[in-house]
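Order of the sequence lines fixes the chain letters, A, B, ..., with proteins taken first and strands second; residue numbering starts at 1 for each chain. Note that the structure is predicted; figures quoted are calculated from it, not measured.
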2 protein chains.
Amino acid sequence: MASQNGSCSEDPGKRQAILEQAIRTFAELGFRGADVQIIADRAGVGKGTVYRYFKSKGDLFWATTYEVMLRLDRHVFQAMEGVEGACAKLRASAVAYSHFFVDDPRYLALFLQDIAEFRGSGPESHREHREKMIHKMGELLQQGIEAGELRPVDTRQTTLALGSLLFGATALGSHLKLMPVARMTEYAVDIFLRGIRSDVSLEAEPSCLMESRKQ
Amino acid sequence: MASQNGSCSEDPGKRQAILEQAIRTFAELGFRGADVQIIADRAGVGKGTVYRYFKSKGDLFWATTYEVMLRLDRHVFQAMEGVEGACAKLRASAVAYSHFFVDDPRYLALFLQDIAEFRGSGPESHREHREKMIHKMGELLQQGIEAGELRPVDTRQTTLALGSLLFGATALGSHLKLMPVARMTEYAVDIFLRGIRSDVSLEAEPSCLMESRKQ
DNA sequence: TATCACGGACGGACCAGTCCGTCCATTTAA
DNA sequence: TTAAATGGACGGACTGGTCCGTCCGTGATA
């Protein structure tokens with residue numbers, strides 16, 4: 001994923017410019033559809049220069065998905081700062097997650113490319129980072145359980161289930177256009193939360209789903 | 001999606017053979033990676049023959065995704081036959097859904113191609129069929145609500161949320177290989193069900209998630 | 001002048017869709 | 001019943017175009 005460097009001196013600004021245009025171009029045209037020449041043109045460099053900073057087209061692609069992973073990570077965990085309570089934190093993370101992809105659909109396109117084209121394979125670094133994010137979410141759940149706000153669920157499985165829900169809602173929602181993604185996500189997360197909340201917590205603060213019973 | 005026919009006589013068997021090999025090849029190599037020549041070779045016909053049965057490579061691709069949609073539909077709704085109760089039916093459909101893609105990963109690859117490459121666009125027929133499936137699931141939820149087994153949730157939104165969960169669990173699960181897909185799906189659906197079950201139904205038949213409280 | 005980052009022309013591989021000659025099944029004529 | 005004629009389904013060579021990765025000439029810098 002990293003630039004292979006060798007002995008040449010590299011300009012981080014130029015590297016970043018190429019990366020940024022790669023995100024844009026891969027998202028628009030897909031991995032195969034994206035001509036490296038276009039990325040070079042957009043970044044204002046020659047094609048040879050692209051190959052100086054990145055070993056191959058594939059390498060460049062991995063660098064872009066890694067970059068987006070980092071951005072998603074920052075975005076989601078920043079959104080949880082200052083929020084109190086496990087349920088509220090989870091909801092905040094879900095909202096941030098869906099906004100991340102709705103605000104910039106290129107990111108979603110890139111992730112889908114990754115999965116569709118490369119079956120989510122990719123360098124070890126990607127896997128490691130993913131594992132780190134899963135772990136962080138797991139800890140958050142654990143705190144919620146210890147605080148009595150959540151039932152004692154399996155934290156890893158629950159994290160993966162929540163991740164699946166968010167990914168599915170975002171991917172399907174964005175593409176099938178059956179309903180606004182943000183609303184869809186919030187609704188789905190509410191159901192999910194009601195499913196993992198402790199009964200005590202449920203009585204204390206009924207979810208919006210409960211309210212619909214009045215209808 | 002349909003073969004454009006014109007005035008030539010067509011052999012349904014040959015069409016089916018081409019379609020079958022197209023599923024296989026698109027799944028293995030992706031839309032762009034799949035050479036029509038390979039599909040032709042595998043189906044035991046000439047390349048020209050492929051273009052006799054399908055207007056273009058894209059047309060052939062739509063025909064394959066439509067075919068898979070039909071199979072998924074049959075598979076899921078067949079699994080619900082003879083099952084009593086809304087929750088049990090939903091669980092059965094979820095299990096069938098995940099099995100459909102786990103048993104034949106080509107189907108998942110095809111769907112992901114569809115979303116990644118074509119942004120879920122595609123002929124009107126696809127949209128219509130999808131809408132029909134959503135409607136059928138919605139009716140099922142409605143029956144569960146009327147029977148008092150489920151809380152009075154919005155059936156369409158809930159269907160979409162469940163669909164998102166299933167899709168996400170299958171797609172992420174299959175590719176990230178973090179956990180067996182079937183187990184992941186069952187777990188996620190249990191959480192989901194607990195979130196939409198009526199309290200009465202919950203007391204009567206505690207979900208497996210409840211049991212984990214004993215730990 | 002020597003060094004080196006850089007750009008872009010180029011080689012070669014690959015592929016969608018077309019088009020024409022072949023071959024087979026069916027029909028007509030003897 | 002056999003032989004010739006006809007039409008159209010079929011195969012695959014071919015064309016026009018695309019795109020990856022390399023390599024070499026150029027211009028900036030020290």
How many whole angstroms separate atom [atom1] of [X] from atom [atom2] of [N]?
X	N	atom1	atom2	answer
B:D59	C:dG17	CG	C1'	13 Å
A:I18	C:dG7	CD1	P	8 Å
B:L60	C:dC15	CG	C1'	15 Å
B:Y51	D:dG12	OH	C1'	13 Å

Review point. How about A:F167 and A:F111: are their ring centroids closer than 6.0 Å?
Key: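 No.
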Considering only nitrogen or oxygen atoms on both sides, find all protein atoms under 3.5 Å from nucleotides 24-29 of chain D and state each distance.
none

Listed partners of [X] passing side-chain hydrogen bond (donor to acceptor under 3.5 Å, both in side chains), at least two apart:
X	answer
B:T64	none
B:Q113	none
B:E146	B:Q142
A:D35	none

Pairs flagged by side chain to side chain donor-acceptor pair (under 3.5 Å) wherever residues 72-83 of chain B is involved - sequence neighbours left out
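Sorted result for residues 72-83 of chain B: B:D73-B:H129, B:D73-B:K136.
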### Helical bend (five base pairs per end, nearest 10°) for the helix from C:dT1-D:dA30 to C:dA30-D:dT1
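For the helix from C:dT1-D:dA30 to C:dA30-D:dT1, the axes at opposite ends meet at about 10°.
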Partners of A:H135 by side chain to side chain contact (heavy atoms under 4.5 Å, CB included), sequence neighbours excluded?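 If we apply the side chain to side chain contact (heavy atoms under 4.5 Å, CB included) test to A:H135, skipping adjacent residues, the hits are A:E139.
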Quiz item: Considering residues at least two apart in sequence or located in another chain, which fulfil the salt bridge (charged side-chain N to carboxylate O under 4.0 Å, His left out) criterion with B:R130?
Solution: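 In terms of salt bridge (charged side-chain N to carboxylate O under 4.0 Å, His left out), with neighbours along the sequence ignored, B:R130 is linked to no residue.
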Taking salt bridge (charged side-chain N to carboxylate O under 4.0 Å, His left out) as the definition, give me every residue that meets it alongside B:R156, ordered by chain and number, with sequence neighbours left out.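 Per chain and number, B:R156 pairs via salt bridge (charged side-chain N to carboxylate O under 4.0 Å, His left out) with B:E131.
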| message | Give me the atom names and distance for the closest heavy-atom approach of B:V153 to B:I145. | response |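 Looks like O-CD1, 3.6 Å.
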With respect to the side chain of [X], which nucleotide from [options] is positioned closest?
X	options	result
A:R52	C:dT18, C:dA5, D:dC10	C:dA5
A:K14	C:dC6, D:dC10, D:dG21	C:dC6
A:S56	C:dA16, C:dC6, D:dG21	D:dG21
B:T49	D:dG21, D:dG11, D:dA9	D:dG11

Those residues of residues 23-48 of chain B lying under 4.0 Å from DNA chain D by at least one heavy atom: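 Residues of residues 23-48 of chain B that come under 4.0 Å of DNA chain D are, in numerical order, B:G44, B:V45, B:G46, B:K47, B:G48.
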Could you list the donor-acceptor pairs under 3.5 angstrom formed between side-chain atoms of residues 97-105 of chain A and any protein atom two or more places apart in sequence or on another chain?
unit_1: A:S98; atom_1: OG; unit_2: A:V95; atom_2: O; d: 3.3
unit_1: A:H99; atom_1: ND1; unit_2: A:V95; atom_2: O; d: 3.1
unit_1: A:D104; atom_1: OD1; unit_2: A:R106; atom_2: N; d: 3.2
unit_1: A:D104; atom_1: OD1; unit_2: A:R106; atom_2: NE; d: 2.8
unit_1: A:D104; atom_1: OD2; unit_2: A:R106; atom_2: NE; d: 3.3
unit_1: A:D104; atom_1: OD2; unit_2: A:R106; atom_2: NH2; d: 2.8

### Message
When you measure from the side-chain N and O atoms of A:Y53 to the phosphate of C:dA5, is any distance below 4.0 Å, counting only OP1 and OP2?
### Response
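It does not, given that no N or O in the side chain of A:Y53 lies less than 4.0 Å from OP1 or OP2 of C:dA5.
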